Structures are given as structure tokens and as C-alpha cells.
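These notes are about the structure you will find just below.
The chain is numbered in sequence order, starting from 1. Note that the coordinates shown come from a computational prediction; the quantities given were computed from them, not determined experimentally.
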Amino acid sequence: MEIPAISLKAIVLAHWVLTIWGCMAWLPSSFAWGNFSVLAVGVWAIAQRDSIDAVLMFLMGMAVTILTDIIHFGIYYQLSDLESGRDVFRFSAAMAILSLVLKPVSCFFVYQMYHERGGDYNLNFGLPSVSRNRAAYQSIDQQDPSPANPFDQAQDSMPRGRQ
């Protein structure tokens, strides 16, 4: 089954609209700053079509905003304080939650774009890894022509002092 191609423009536009609607009633300015700054990185990824770094930063930003959105919803979601503007609150909350639900799907498609632009499937963060390069190994079938006692060779090659 082939994965459908979704435009980066469509992802950024959808999350931009949902973030605007989500900020209408109850979320703090930190929610807006976090999401709009990640969307600005998405605009950078749109503008530079061959940049791997822009797509990777957009992907990482989307992943981080999933966590921060959950924290914002947990802290600031209180229906009792906004009884007068209940419909606006419901709409705003629904759009913010819809944006949060769509973010993992968007991350999947952005990750596919990262791969299409030449990024590796294995993200390297500078940590050492185990490789399966067997060129440095010596076969046990072949005998090494080294002497039986390697210490004798080292003693023979040492310069002689006083004799």
C-alpha cells in the first residue's frame, strides 16, 4: 500500500487555522507562541524545498508541541470559569484538541518528506553506535605468521645497553 503524498503547505495551513481557532478563548499565550514558532519553521521548510535541516527541525518542533499541548490542556482546561462564553470555549477547545490529535499524523507525513529530501531513516544524534563492518576482523582459519612468543621479538629489537 502506497502512502499518499500530502503537501507540507497543507499541513502547515491546517495547523495554522486550528491553532488560531484554538487560541480564541482559553489557552495562554505560551500555547500560541510555541505553536506559531513551530509553524514558522514549517514555512521555512516550504520555502527551502531541498533543505533537510528545515524539515527535521519542523518535525522535532511538532513532536515537542505534542507534549506541550498536553501540558497546556491539563493545566488550563476549566469549564466552570467560562460559563458566559460556553459556545466559544467549546469550539476553541475542540479545535485545539483536533490540532493535537492531527499532530502525530502530520509528524508521520513530515517524516516521509524528510526521507524524500535525503534524510536518513536512522536519526544520528552523535551517540556511538554498533556497526556490522566485518572488514576489520581476522579469519580464524588463517594462521598468522607471527612468532610463538611475541615477547622474544620485542626483546630482540631492543637496543642493547652495556654488555
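- Considering I66, L18, V17 as possible partners of S99, the one that fulfils the side chain to side chain contact (heavy atoms under 4.5 Å, CB included) test is L18.
- Smallest separation of non-hydrogen atoms from C107 and M62: SG-CB, 3.5 Å.
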Steps toward side chain to side chain contact (heavy atoms under 4.5 Å, CB included) verdict (D69, N35): CA-CA 9 Å; D69 288 357; N35 282 291; 3.2 Å; yes
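- Scanning both residues, A25 and V88, for their nearest heavy atoms gives CB-CG1, 3.8 Å.
- Side-chain contact between F73 and L27: present, with at least one pair of heavy atoms (C-beta onward) separated by less than 4.5 Å.
- Here the CZ atom belonging to F108 is positioned 10.5 Å from the CE atom belonging to M113, to the nearest 0.5 angstrom.
- Put simply, W33 and V38 are part of two different groups of oily side chains (I, L, V, M, F, W, Y) that touch within less than 4.5 Å, one to the next.
- To the nearest 0.5 angstrom, I20 atom CD1 is 13.0 Å from M95 atom CE.
- By the 6.0 Å contact criterion, CE on M57 is open, its count of non-hydrogen atoms from other residues, nucleotides or ligands being 12 or less.
- Taking OH of Y114 as the start and CG of L59 as the end, the distance is 8.5 Å to the nearest 0.5 Å.
- Here T68 pairs with V64, T65, H72 under the side-chain contact (heavy atoms from CB on, under 4.5 Å) rule; sequence neighbours left out.
- From L56, atom CG reaches atom CE of M60 across 4.5 Å, with rounding to the nearest 0.5 Å.
- Ring geometry for W26 against Y77 counts as perpendicular: the plane angle is over 60°, on a 0 to 90° scale with 30° as the lower cut.
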Go through it in stages, so that I can follow the logic: the residues are F58 and V12, the test is side chain to side chain contact (heavy atoms under 4.5 Å, CB included), and I'd like the CA-CA distance, side-chain angles, deciding distance and then a yes or no. CA-CA 10 Å; F58 182 56; V12 171; 3.9 Å; yes
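- W44 CH2: more than 12 foreign heavy atoms inside a 6.0 Å radius.
- Listed here is the closest heavy atom pair of A96 and F31: CB-CZ, 4.4 Å.
- Atoms CZ and CG, from R49 and L8 in turn, are 9.5 Å apart once rounded to the nearest 0.5 Å.
- Of all heavy-atom pairs spanning R117 and Q48, the tightest one is NH1-O, 3.1 Å.
- C23 and S92 get closest at one heavy-atom pair: N-OG, 4.2 Å.
- Atoms CD1 and CD1, on I70 and I97 in that order, are 11.0 Å from each other to the nearest 0.5 Å.
- Closest approach of V55 to V110, counting heavy atoms only: CG1-O, 3.6 Å.
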